[in-house]
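Shown next, in structure tokens, is the structure this report addresses.
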Protein chains: 2
Amino acid sequence: MTQRVDSAHRARLDARSGALTGPTANLAPGHVQANLAILPRALAADFLHFCQRNPKPCPLLAMSEPGSPALPALGHDIDIRTDIPRYRVWRNGELVSEPTDVRDVWRDDLVSFLIGCSFSFEEAMLQDGLPVRHIEQGCNVPMYRTNIPTNPAGPFNGPLVVSMRPLKAADAIRAVQVTSRFPAVHGAPVHLGDPALIGIADIDRPDYGDAVRIRDGELPVFWACGVTPQSVVAAVKPEFCITHAPGHMLVTDLLNSRMAVL
Amino acid sequence: MTQRVDSAHRARLDARSGALTGPTANLAPGHVQANLAILPRALAADFLHFCQRNPKPCPLLAMSEPGSPALPALGHDIDIRTDIPRYRVWRNGELVSEPTDVRDVWRDDLVSFLIGCSFSFEEAMLQDGLPVRHIEQGCNVPMYRTNIPTNPAGPFNGPLVVSMRPLKAADAIRAVQVTSRFPAVHGAPVHLGDPALIGIADIDRPDYGDAVRIRDGELPVFWACGVTPQSVVAAVKPEFCITHAPGHMLVTDLLNSRMAVL
């Protein structure tokens with residue numbers, strides 16, 4: 001236990017020192033990793049409401065106090081301004097920089113939102129012997145904007161973004177069982193089979209990430225994706241916002257196995 | 001509680017007296033109904049082994065002592081020779097009669113096997129707001145022989161038979177969750193999507209039961225079916241065998257809700 005918690009803390013300290021600036025996949029195995037959105041306090045209440053109304057794409061793991069870089073619910077000694085390997089800083093909806101540290105742009109009114117990530121349920125799938133194609137292919141998961149609306153809250157509004165993993169039918173059924181145990185990290189799929197039914201015109205041209213091969217006899221299986229809140233925030237064009245850079249997550253002290261409800 | 005148990009006992013007493021000779025669907029709502037196979041003791045050990053090796057199509061609820069018509073695990077005062085509305089009697093694999101009582105052909109070496117039935121998980125689906133097409137259409141569920149082999153035991157051997165219910169993808173995902181809770185009554189689906197992948201040539205021509213309509217945007221979803229043991233027994237052509245007539249089940253004192261593992 002001490003060993004595993006130490007690996008997560010070590011990843012955060014390496015990000016803080018600048019020793020780690022790359023993606024966090026496969027770091028601190030067994031630990032929950034999290035998506036980040038940092039917003040001014042004026043938008044925080046509406047964004048919290050948006051997460052509450054859309055728990056499948058926006059499973060909120062923790063929210064900070066305004067101005068505080070600490071997230072005691074996710075780990076000891078977290079400084080959200082330094083402990084992620086790479087950030088994206090946005091002004092009025094425009095990406096302005098991708099720094100490894102955001103102390104210089106920090107403000108006392110900023111609120112951090114940490115949202116569950118598919119790494120957790122993918123680990124459960126792999127441990128169950130289910131294939132995860134983009135991991136096999138060594139690329140990013142394919143993600144798509146759908147025609148499924150999210151439930152709006154204040155200015156936050158927009159389509160559900162989904163990630164896709166191809167599976168044989170029997171594996172898809174097993175994946176529903178396995179991922180249903182993890183509602184705090186996107187949970188069960190939202191769709192499977194015909195992509196056109198959820199507004200995806202071309203499965204080989206994802207809107208984010210990389211296309212993966214769908215083999216004969218496989219169905220595309222779609223999960224609600226943590227890119228949804230990012231795309232919704234981007235559409236609002238807040239005067240100031242910070243997110244993690246894709247794949248560069250917060251490594252928390254929480255254990256994936258503890259995310260299972262059963 | 002007393003009321004509900006009484007309704008099951010009442011159905012059995014009506015079958016026993018001859019007042020009930022028709023199908024048992026919708027009788028004693030909330031109660032587990034069961035498929036029946038009665039075999040000579042010489043085949044019982046192998047058939048028990050077959051059920052153990054094939055729990056999805058053959059979820060064994062109870063097995064009698066040789067020669068005994070009682071099934072205390074399924075209800076008080078059960079006499080399996082009289083308490084089912086209609087039987088089928090088979091000799092050397094040939095159907096010889098469809099009586100409402102089998103006391104006159106009873107033997108001291110007969111062993112009764114009671115196997116879970118899809119009525120239980122269909123009730124859970126309906127209570128969850130999921131559609132069950134053959135119930136909507138007022139016909140039998142469509143059933144198909146597949147190219148999926150069962151695990152053989154002694155002389156018992158043959159293909160898996162499945163039942164099919166069409167569902168939209170999101171409902172299919174929910175149905176996996178709902179029916180996974182009921183492993184003692186067939187549990188989660190075994191396949192969904194392309195019927196050809198499990199050896200079904202024409203979805204509109206079921207091998208048993210009636211065809212149902214599959215609407216645009218729906219997937220066929222397939223569950224292991226209690227007809228599997230019947231078709232496997234028929235292939236062995238035992239010198240003597242009794243089954244229930246299709247749709248004429250044993251109504252037990254067990255409650256469907258108690259079949260849920262979670």
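Proteins come first, then strands; the chains are lettered A, B, ... in the order of their sequence lines, and each starts at number 1.
- For residues 147-177 of chain B, the set of pairs meeting the ring-ring contact (aromatic ring centres under 6.0 Å, His included) definition, not counting sequence neighbours, comprises B:F47-B:F156.
- Here B:P189 is the residue among B:G217, B:G193, B:P189 with the most heavy-atom pairs under 4.5 Å with chain A.
- Under the side chain to side chain contact (heavy atoms under 4.5 Å, CB included) criterion, B:A234 pairs with no residue at all, not counting sequence neighbours.
- Smallest separation of non-hydrogen atoms from B:A169 and A:L192: CB-O, 3.3 Å.
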Short donor-acceptor contacts under 3.5 Å linking chain A with chain B:
{"from": "A:Q177", "atom 1": "NE2", "to": "B:S180", "atom 2": "OG", "distance (Å)": "2.7"}
{"from": "A:S180", "atom 1": "OG", "to": "B:Q177", "atom 2": "NE2", "distance (Å)": "2.7"}

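- Within the 4.5 angstrom heavy-atom criterion, atoms from both the backbone and the side chain of A:I173 approach chain B.
- For B:A44, the side chain to side chain contact (heavy atoms under 4.5 Å, CB included) test picks out B:V111, B:F113, with sequence neighbours left out.
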